[in-house]
Amino acid sequence: MMDESQTQIDGQPPYVEGLNESQLEAVEATDGPVLVLAGAGTGKTRVLTTRLAHILATGKAFPGQVLAVTFTNKAAQEMKERVAKILNQPSVERWWLGTFHAIAVRMLRAHAEKVGLGSDFAIIDTDDQLRLVKQLLKENNLDDKKWPPKSVLGAIQRWKDRGQTPDHVSASEAKEFAGGRIHGIYKSYQQRLRELNACDFGDLLLHTLVIFQTHADVLADYHRRFHYILVDEYQDTNVAQYLWLRLLAQGHQNVCCVGDDDQSIYGWRGAEVGNILRFEKDFPGAKIVRLERNYRSTGRILAAASSVISHNEGRLGKTLWTDDDDGEMLRVRGLWDGEAEARFVGEEVENLQRNGQKLDQVAVLVRTGAMTREFEERFLTLAIPYRVVGGARFYERLEIRDALAYLRLVNSADDSLAFERSIGKPKRGLGPAALGIVHSYARQAEISLFKAAREIVETDELRPAARKSMATFVSQVERWQGLKNDMPHSELADLVLEESGYLEFWQNDKSVEAKGRVENLRELINALGEYESLAEFLEHVSLVMDTNSQTGQDMVSIMTLHGAKGLEFETVFLPGWEEGLFPNQRAMDEQGLKGLEEERRLAYVGLTRARKRAIISFAANRRMHGSWASAIPSRFVDELPHEHIERESDRGIYSAPLEPSYGGFGSSKWQDNDRGSPGMQRARSYSSGESQLVRKAAQKISESKSGFSRGERVFHQKFGYGLVASVEGERLTISFDKAGSKKVLSNFVVPAEQAGM
DNA sequence: AGCCTTTCCCTTTTT
DNA sequence: GGGAAAGGCT
């Protein structure tokens, strides 16, 4: 409940100061449906937050009566912080403010039994999803070469994104995949999840949606509860989310959706721009507010972004304008290859740094996650501090997922997926054979793997050695569970990892990564202490799957274009503007014009992240999957307005014809280097034909040359102490005590003794 | 069962 | 160029 002193605000509330007319309109039009069409950099987030604060501060509703939904945890976090600040609230954790998934979990826990789940259901990760699908394919004798588990899971997810339970998939569509057999897999997949008392990500929304549709009383309750609904990034809603929202909003109709059709970049995840176009039909009498004044970028940047996006058809059409100066020209630079591009960006960053630019105001926005590596390597050698946003996530690491499996098992012994994962690691003499016996026993008795194991150790089904080992495991798990209520959970986690031998498994491992893994495990145990209970921690992990890495430090950000949505930087580098890479060949092959337009919106998003400076680059050659591919500059380069850009070429790259027979970017099938389809030839790999043996021999020679050897303890001027993991000429891969594993140049490294250790 | 070697596939994008 | 899975050997 709110502090009363904060609810009374006379005259013009201070928090709306400085809002322009349209923004004010969007904030104050509190009753009835409102659609805010907000262009990039128009203060959309501020409007949404202020609107929420305004509803509460004017006493229109209590905090518990407002539902505010965002797409990303980042956006939710930002909104929470801002609202708390505006209204001077110590905590907004209990409010209905969060991502679609976080809100859905909260609702689903309360009504899980209506879809055949317990309220303590587990949320499974992609790993478990795939394992399940693989099992089901095998059981149904479907060839996993012809039906790769990933594609099958993709089909299932697409159905879920569209809000279709197995029963709601149309017969004709079901037939499309393996004559309906994939649809059958979907059915048994859902069945299996239910038996496991588990949900995947898509289920969180799908189940909640089904509950709304089938339990009028539940929906009516939520109607009564939520007087106001706010939605951010409405253009990114998929069908399931759209239906979910529409049902909820039909209560008070006080729904305010904020979005930008030009920034719809999640079509591949089932997002439908159509949802935003349909708003007026769904909510008759809706008020439409347009935010077109851009406060972020210079005139030239805005002109460039507008010019590119104008090549798309079927837009709602907004005309962004700014009072800001024209600013600097945008720069477009062509380079010989990816390495040269990284060198160029590195140099430019150093220039900016010399001119006093803060590095946290610089970002490198790439199309694919794999592109980050080149920049990382370059920044490492130049000692430019950087962070990869949304890259390798802490909770996705192997050792963390393994450890989490143990914790899940302790939290609920019937989590069979966790059982399967924990029992194999560390080795206990219980391999596929033993597990198979437990599996079939469990299937027959219709009980969880853990219960089956407990019963099996009383019989002669397993060989004596396996039986003994299994009995030990079962009693260990039972012991840990018994301790659950008498022990602080981070202590318990420590104990579990210790007693299970999992920690020891990595401590005894001599490989160079092992040390870092042990540290990660310690970090996990520490993180656990911040949560109320084990269950709460596990839920947080499955929903957020991200650690808030060191923020607030002065570092260049490297991230994907998708990851950059909602952010802004003074200077933005946009590398990799090459046909095939960006626009992405696969997107175009699979989605045609629709795919291309989404790529173009991505370009628009990228450009509009920049406040003052945008530097676009492309490379003529790029190494992909170990072989070389050549490409021509992206068509998006040609769509930039000439009067606002400066083209620079590197040794005539931009205008010079590429070497003969180097066509586009290869087909979407990523053929082997020596084949390749006609007209889409790829350059022959420099390394093709080289056997692994030859490569290894070459590696040995270079190891002796660099003066460092594998396993040596060394000191790096920036990252501190570490162990040499591998040596390739001048490049060392070092597993650092503090900074993880990194590739560095050997001249930045000295033997540990010399560093005065 | 477990270890080592070879082969395959991969790179769009994320809650 | 790298990680996972399959395959082969002890």
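Quick note on labels: first sequence line is chain A, next is B, and so on, each numbered from 1. Heavy-atom basis, side chains included; hydrogens, waters and symmetry copies ignored.
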Novice: CH2 of A/W268 versus C1' of B/dT11: gap in Å, rounded?
Specialist: 13 Å
Novice: Give the rounded distance in Å between these two atoms: CZ of A/R622 and P of B/dC10.
Specialist: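 Checked: the CZ to P distance equals 20 Å.
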Novice: When you compare the side chain of A/L67 with that of A/L248, does any pair of heavy atoms fall below 4.5 Å?
Specialist: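 They are in contact (side-chain heavy atoms under 4.5 Å apart), so the answer is yes.
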Novice: Between B/dC10 atom C1' and A/M371 atom CE, what is the distance in whole Å?
Specialist: 17 Å
Novice: Using a cut-off of less than 4.0 Å, is there contact between a side-chain N or O of A/K74 and OP1 or OP2 of B/dT14?
Specialist: no
Novice: Using a cut-off of 4.0 Å on non-hydrogen atoms, how would the nucleic acid contact of A/F100 be classed: base, sugar-phosphate, or nothing?
Specialist: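 No contact.
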Novice: For A/W268 and A/H562, take the angle between the two ring planes, folded into 0 to 90°, and tell me which bin it lands in: parallel under 30, tilted 30 to 60, perpendicular over 60.
Specialist: perpendicular
Novice: Fit a plane to each ring of A/F212 and A/W244, take the angle between them on a 0 to 90° scale, and name the class: parallel (under 30°), tilted (30 to 60°) or perpendicular (over 60°).
Specialist: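 If you compare the ring of A/F212 with that of A/W244, the planes turn out tilted.
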Novice: Report yes if the ring of A/F201 lies under 5.5 Å from the six-membered base ring of B/dT15 with planes under 30°, and no otherwise.
Specialist: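 The ring of A/F201 is not stacked on B/dT15.
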Novice: Strictly below 4.0 Å: does A/T72 bring a side-chain N or O up to OP1 or OP2 of B/dT14?
Specialist: no
Novice: Figure out the CD1/P separation between A/I124 and B/dT15, and round it to whole Å.
Specialist: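 Roughly 18 Å, once rounded to whole Å.
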Novice: Tell me: CG of A/D203 to C1' of B/dT15, nearest whole Å?
Specialist: 14 Å
Novice: Would you call the rings of A/Y234 and A/Y242 parallel, tilted or perpendicular, taking 30° and 60° as the class edges?
Specialist: tilted
Novice: Rounded to the nearest angstrom, tell me the gap between atom CZ in A/R373 and atom P in C/dG3.
Specialist: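 Taking atom P of C/dG3 as the reference, CZ of A/R373 is at 10 Å.
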Novice: To the nearest 0.5 Å, what is the distance between CD (A/Q190) and CD1 (A/I156)?
Specialist: 7.5 Å
Novice: Could you tell me how far apart A/N584 (CG) and B/dT11 (C1') are, to the nearest whole angstrom?
Specialist: 9 Å
Novice: Checking contacts here: which listed nucleotide (B/dT11, B/dT15, B/dT13) is nearest the side-chain heavy atoms of A/H101?
Specialist: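 Looking only at side-chain atoms, A/H101 lies closest to B/dT15.
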Novice: OP1 or OP2 of C/dA5 versus the side-chain N and O atoms of A/K134: is any pair under 4.0 Å?
Specialist: yes
Novice: Check every strand shown and say whether A/G202 touches a base, only sugar-phosphate, or nothing at a heavy-atom separation below 4.0 Å.
Specialist: nothing
Novice: Give the rounded distance in Å between these two atoms: CD of A/E578 and C1' of B/dT11.
Specialist: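 Distance check: A/E578 CD to B/dT11 C1' gives 14 Å.
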Novice: Between B/dT11, B/dT14, B/dT15, which nucleotide gets closest to the side-chain atoms of A/T99?
Specialist: B/dT15
Novice: Is C/dG8 paired to anything, Watson-Crick or G-U wobble with both distances less than 3.5 Å, and if yes, which nucleotide?
Specialist: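 Answer to the pairing question: B/dC3, which forms a Watson-Crick or G-U pair with C/dG8.
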Novice: On DNA chain B, does the nearest nucleotide to A/K150 precede the nearest nucleotide to A/R269 from the 5' side, or the other way round? Give the residue.
Specialist: A/K150
